[in-house]
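Notes to accompany the following structure.
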Amino acid sequence: ERGRGASEGGGRTRRGVGASEGGGRTRRGVGGGVGGFPFLDRFEIVRQLRGGAEADVWVCRVPDSGESCVVKVYHFGVEADAETLAAVTRGPGSVERLHPAVVDTWESGQIDDGRWYEVAEFCEDGSLDELRADGFCDVDVEGLVRQVAGGLRFLHGRDVVLRDVKPENVFVRSLMPLDLVVGDFGVGRVQERGLSYRTGGAGTLAYTPPEAIIDSHLLSVSKSWDMW
């Protein structure tokens, strides 16, 4: 769906900006909070995006600033990785994004019922998948690859392996000039330095490296998974 953003939304704030101290309410939103979660009633719902198997996603507005964002609440049973979210989320009180080619995640944590959430920037120009559908004739492909690789290099420097790099998870911050960000950290994991880990069947088949397809449950993979 055009304008699918990046992330997330919920309760106990683990890190980030925008939450009132102690997780309290700051502004009444629409319908008792995003998706009925009172903790998120500081946001105004603009619309709900098409959800997936792992989460419900809304485009929201911050009433005080008018800034748009994406709120994502993971479904019951979907375990986001706390270390991964901490590695990609701004520090408390910070107004600086971590890297220009990585989705700007404002905050993340868990709501009272245990579900995980994220709040991130909204990329109104959609995803690279949508841009690809319109044709690449006017796109600087080399610049595109450099931006995506730069985002992955930053994440790998923090030992974060996304495991699901694909056009749908590369978002378009602007078209002119082309400004891309890597996002969707739902199946990402923090890797111990120098070690690999088992896949557990994560990722999307069409973008999965061939060696993982041969043995998706037993094969240990590393950051090279993302580079494929």
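Bear in mind that the values here come from a model prediction, so they are computed numbers and not experimental data. Only this structure's heavy atoms are used, side chains among them; waters, hydrogens and symmetry mates stay out.
Here R173 does not pair with E124 in a salt bridge; the nearest charged N to carboxylate O distance is not below 4.0 Å.
Shortest non-hydrogen contact noted between L85 and A80 is CD1-CB, 3.9 Å. Of all heavy-atom pairs between R90 and E96, the closest is CG-O, 3.8 Å. Nearest approach of V181 to C123, heavy atoms of both residues: CG2-SG, 3.8 Å. Between S127 and E168, the shortest heavy-atom distance links the atoms CB-O, 3.8 Å. Annotation for A120 and V103: closest pair CB-CG1, 3.8 Å, computed over non-hydrogen atoms. Between V165 and Y207 the shortest heavy-atom distance is O-CB, 3.7 Å.
A 4.5 Å side-chain heavy-atom check between L155 and V102 finds at least one atom pair inside the cut-off. Side-chain contact between Y117 and V71 is absent, with no heavy atoms from C-beta onward closer than 4.5 Å. Using a 4.5 Å cut-off on side-chain heavy atoms (C-beta onward), F154 and L98 make contact. Here the side chains of V73 and W116 are not in contact, with every heavy-atom distance at 4.5 Å or above. Side-chain contact check for D164 versus F185: every heavy-atom pair is 4.5 Å or farther apart.
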Practice problem: Give the intermediate values and the outcome of salt bridge (charged side-chain N to carboxylate O under 4.0 Å, His left out) for residues D129 and R132. | Solution: CA-CA 5 Å; D129 186 56; R132 178 180 62 172; 2.5 Å; yes

Practice problem: Check the pair K166, D184 against salt bridge (charged side-chain N to carboxylate O under 4.0 Å, His left out), reporting the backbone distance first and the verdict last. | Solution: CA-CA 10 Å; K166 57 185 179 181; D184 202 338; over 6 Å; no

Exercise. Just do the side chain to side chain contact (heavy atoms under 4.5 Å, CB included) check on V57 and V70 with the steps written out, would you?
Key: CA-CA 7 Å; V57 185; V70 172; 3.3 Å; yes

Quiz item: Does the pair T105 and T89 meet the rule for a side-chain hydrogen bond (donor to acceptor under 3.5 Å, both in side chains), with working shown?
Solution: CA-CA 5 Å; T105 303; T89 303; 5.1 Å; no

Practice problem: Determine, stepwise, if the pair L162 / N169 fulfils side chain to side chain contact (heavy atoms under 4.5 Å, CB included). | Solution: CA-CA 10 Å; L162 290 184; N169 290 339; over 6 Å; no

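Under a 3.5 Å cut-off, the side chain of Q147 and the backbone N or O of L178 do form a donor-acceptor pair. Here the side chain of D226 pairs a donor or acceptor atom with the backbone of R163 at under 3.5 angstrom. For R97 (side chain) and D104 (main-chain N/O), no donor-acceptor pair under 3.5 Å exists by modelled atom type.
L152 and W228 fall into different hydrophobic clusters, where Ile, Leu, Val, Met, Phe, Trp and Tyr are joined by side-chain heavy atoms under 4.5 Å apart, directly or via other members.
Geometrically, R115 engages F76 in a cation-pi contact defined by less than 6.0 Å to the ring centre and at most 45° from the axis.
When each of E79, E54, Q110 is checked for a side-chain contact (heavy atoms from CB on, under 4.5 Å) with Y74, only E54 meets the rule.
To the nearest 0.5 angstrom, W106 atom CH2 is 4.5 Å from C69 atom SG. Separation of atoms CG (D125) and CG (L131) is listed at 9.0 Å; rounding is to 0.5 Å. Rounding to the nearest 0.5 Å gives a distance of 7.5 Å between CE of M227 and CZ of R153. The CG atom of L49 sits 10.5 Å away from atom CG of D56, with the distance rounded to the nearest 0.5 Å. Taking CG from L180 and CG from L128, the interatomic distance works out to 6.0 Å, rounded to the nearest 0.5 Å. Between D64 atom CG and E44 atom CD the span is 9.0 Å, to the nearest 0.5 Å.
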